[in-house]
Amino acid sequence: MRAMVLTRPRQGLREADLPRPKPGPGQVLVRIRACAVCRTDLHVLDGELKGPKLPLVPGHEIVGQIVECGASARRFAAGARIGIPWLGWTCGECAFCRSGRENLCGQARFTGYTLDGGYAEFAVADQRYCFPLPDLYSDAEAAPLLCAGLIGYRSLLKAGDAKRIGLYGFGAAAHIVAQVARHQGRQVYAFTRPGDQEAQLFARELGAVWAGDSDHPPPERLDAAIVFAPVGRLVLEALRAVDKGGRVVCGGIHMSEIPTFPYELLWGERSVCSVANLTRRDGEEFLALAPKVPVHTTVQKFPLAAANEALGRLREGKLTGAAALIPGEN
Ligand SMILES: [Zn+2]
Ligand SMILES: [Zn+2]
């Protein structure tokens, strides 16, 4: 049986009666305004990511308004709107943390996985890992920037200066990355589930020069590809699609097994790499860039109590852009 998000009806409860965690000294307590739904949430619920905190509140793309600051939390004022991302804490002392690679910290804690997250009315977070958010975006529009946007941006950095770039899986992350890539003068080739005309049309609307089925080759060789869909065989499709020297970036935290493949697919100095988590620097860079592009997020809103419906639509590929849960909406 699959795990589910437990939601309780809140009718008749005054806000003051809602359970709210207490912020620790360096933490802030936020009232959640929106929390976007990410593929990683499904991997956690499905048990594909090991060792979650249990019981767990999932969700790591949180937009919230600060209602209380801990005793030593002075970075933000009460009332400020902030974003809480996946990276929730790092040790600050290991070789990775000290070399600008806190995303690889072995002791890192993650929002909605090893820390309680944003499928809730309130959340606490270490103030050092939160971000101020650009005013351009509403709460729901800002939420998907916090993982789909950030991880997508880190994936794009890994793709180097590739001019022709393929995006495999045109969901929340790709719909943001496509806009950034186009802004940077790159050509985007979008690959969707075979026959998903709607997603292909959506990709073209966002500036993709070509959109087609993921099991078909693009009309020309690509310089790099990012695989967002959690499907191992797409790594091979992407290797077939990239030119010599091309790089295939795996942007997800989990994917099905990558089938064995002949060496000639990798030959020609092609490479495959993954992207793990994010650094605070990625967040700062991307959140400064997004309003300049400007990135427009397409967000489907769901009441918090409909979390399982939103997750189900994501699983079935029936979302256009991103989904966000909105507490207090019916
Ligand atoms: Zn560390
Ligand atoms: Zn995510």
Side-chain angles (χ1 to χ4, degrees), residues 5 32 34-46 48-49 52-53 56-63 83-119 123 125-126 128-131 140-156 167 169-177 226-230 249-255 274-283 286-287 290 295 297 299-300 302 307 310-311 313-315 319 321-325:
V5 177
I32 297 171
C35 181
V37 175
C38 175
R39 194 69 184 64
T40 297
D41 303 340
L42 283 177
H43 294 312
V44 173
L45 282 168
D46 291 347
E48 289 162 335
L49 297 187
K53 170 194 176 294
L56 172 72
V57 179
H60 56 268
E61 303 185 83
I62 304 170
V63 175
I84 304 173
W86 169 250
L87 187 75
W89 187 88
T90 54
C91 81
E93 291 168 4
C94 70
F96 294 114
C97 281
R98 281 188 284 115
S99 57
R101 295 178 293 164
E102 62 185 2
N103 60 311
L104 302 180
C105 175
Q107 295 186 67
R109 294 178 201 156
F110 302 104
T111 312
Y113 178 32
T114 53
L115 299 166
D116 276 330
Y119 287 26
D126 185 320
R128 297 171 298 167
Y129 297 84
C130 301
F131 300 113
E141 288 165 349
L145 299 175
L146 289 160
C147 180
L150 296 189
I151 300 290
Y153 175 70
R154 189 172 175 87
S155 304
L156 190 59
L167 302 178
F170 206 83
H175 102 284
I176 293 173
V177 170
I226 305 173
V227 180
F228 287 120
V249 181
C250 302
I253 194 166
H254 175 85
M255 63 165 65
S274 67
V275 163
N277 314 317
L278 68 135
T279 66
R280 282 171 280 179
R281 190 173 162 186
D282 297 326
F286 173 69
L287 291 169
V295 168
T297 54
V299 183
Q300 206 171 330
F302 293 83
L311 287 163
R313 297 241 197 126
L314 175 61
R315 189 189 295 284
L319 289 169
L325 304 176

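Atoms within each ligand, like the ligands themselves, are counted from 1 in listed order.
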Report the C-alpha separation of W86 and C38 in whole Å, then their side-chain angles, then the decisive distance to 0.1 Å, and conclude whether the side chain to side chain contact (heavy atoms under 4.5 Å, CB included) test is met.
CA-CA 10 Å; W86 169 250; C38 175; over 6 Å; no

Quick one, H60 and D41 - any side-chain contact, counting heavy atoms below 4.5 Å?
yes

Is any side-chain heavy atom of L115 closer than 4.5 Å to a side-chain heavy atom of F110?
no

What do you get for the angle at the Zn ion (ligand 1) between SG on C105 and SG on C97, to the nearest 10 degrees?
100°

Quick one: the SG of C91, the Zn ion (ligand 1), SG of C94 angle, rounded to 10°, please.
110°

Going through the checks in order, is the side chain to side chain contact (heavy atoms under 4.5 Å, CB included) test met by N103 and R154?
CA-CA 11 Å; N103 60 311; R154 189 172 175 87; 3.2 Å; yes

Would you tell me whether R101 and S99 have side-chain atoms, one donor and one acceptor, within less than 3.5 Å of each other?
yes

Have a look at Q300 and tell me which of L319, V37, L314 forms a side-chain contact (heavy atoms from CB on, under 4.5 Å) with it.
L319

With a cut-off of 2.8 Å, how many protein N, O or S atoms neighbour the Zn ion (ligand 2)?
3

To the nearest 0.5 Å, what is the distance between CD1 on I253 and CG on L49?
4.5 Å

